Amino acid sequence: MMLRYKPAMMLASVLVLAGCQSGDAPVSWSEYARQGAYSAAISPTASYVSLGSSLHGGSLWDVGQNARLFNWNHKSGAYSIISATAFSPDEKYAVTAEQQALVLWETGSGKPLEFLSSQAEILDIALAHNGDFALVGQADHNAVYYDLKNGGARQTLRHEARVRAVALDKTGQLGLTGSDAYKAKLWNLLTGELQQTLTFENTVDTVALSADGRLAFSSATLNRAVIWETATGKELATLTSDKEFFAQRISYLSARFSTDSRYLLTGSTSGMVQLWDARKGSLMRSWQVHKREAYGPTHTGVYDVAFGQEGVFFAVGSNGLVNELR
């Protein structure tokens, strides 16, 4: 996941953040980047974190040991500005992106396997099983399904504006996109066919698909955040409302469904992590990630969230800290 700055009015942003500071504290936190990060992703079982540090470029971390395993920079002797990163569902591969370049890495060995140039600036990325394909949201109004191992584009999905957010199901056959055109779109990636469209009132900057492809999450900046059925487009639950505008209008940076699709975990621009019942949309738990003191980056957006084992959850913040939540 990558940081997406929210073009909202300052007054509204301050009031929204003021209403979103409640929640439990993490049971522990660890520093992975001293002066913050450009991007970060947690692997499906929360075994790894791929991080784009503000100071030291890309790296892969072992979450259990809180240890750096490999440095992942695109050029020898230089630190890369990693704008987006993602893991494959099997955790065997990860991808890192600079402005217009992708590198596919093997997590076990840390070795780079493939290098690919994109057609435009990369805004978000999702990686398919076995690292074969990557769905890339681009600034040229396209989402491109790249064949990483053979080269070229398998599908080019045209949008009306910049594609800010992308997600894949476990099979890599369904893709979900969110754009500056205020729309979330569901695609069949085998045919390139558009299957569903949901319209919002602001930029759609966070999307997620359940592993089985039956449920989707889409949210827009300071606007609606909904869970919906991919087969019908029916909205099952709305996580925000108009009743208390400043308390409920939250901007989400990250979202992930549990493997059984029963729960949804979300992370916000204000550092809040929330656990939801995916069918009912009811809030079950909430946490506030650790924030640094005045000497470091004090504002913290949640770049990614993940389900661990036995009721443990993880969240990585823009301040470079990985939080363990219970």
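Values in this document were obtained by computation on a predicted structure and should not be read as measured data.
- Using a 4.5 Å heavy-atom threshold, the side chains of Ile81 and Tyr38 count as touching.
- A donor-acceptor pair under 3.5 Å is formed between the side chain of Glu91 and the backbone N or O of Thr45.
- Proximity of a side-chain donor or acceptor of Tyr93 to a complementary backbone N or O of Leu113 within less than 3.5 Å is not detected.
- Here Arg256 pairs with Asp304 in a salt bridge; the nearest charged N to carboxylate O distance falls below 4.0 Å.
- A salt bridge links Lys149 to Asp132: at least one charged side-chain nitrogen sits closer than 4.0 Å to a carboxylate oxygen.
- Side-chain contact, Thr230 with Trp228: no donor N or O sits under 3.5 Å from an acceptor N or O.
- Taking the six-membered ring where the residue is Trp, Trp187 and His159 present tilted rings, their angle falling between 30° and 60°.
- The pair Glu160-Lys183 counts as a salt bridge, with a side-chain nitrogen and a carboxylate oxygen less than 4.0 angstrom apart.
- With Thr85 contributing its side chain and Thr96 its backbone, the two residues share no donor-acceptor pair below 3.5 Å.
- With respect to the salt-bridge test (charged N to carboxylate O, under 4.0 angstrom), the residues Arg164 and Asp180 qualify.
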* **side chain to side chain donor-acceptor pair (under 3.5 Å) assessment of Asp169 paired with Thr171** => CA-CA 6 Å; Asp169 71 345; Thr171 67; 2.9 Å; yes

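- A donor and an acceptor atom, one from each side chain of Asn319 and Thr300, are located under 3.5 Å apart.
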* **Worked check of side chain to side chain donor-acceptor pair (under 3.5 Å) between Asn142 and Thr156** => CA-CA 6 Å; Asn142 290 321; Thr156 299; 6.0 Å; no

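- Ring centroid separation for the pair Phe133 and Tyr145 comes in under the 6.0 Å cut-off.
- Here Phe217 and Phe257 keep their ring centres 6.0 angstrom or further from each other.
- No side-chain heavy atom of Arg292 sits less than 4.5 Å from a side-chain heavy atom of Gln35.
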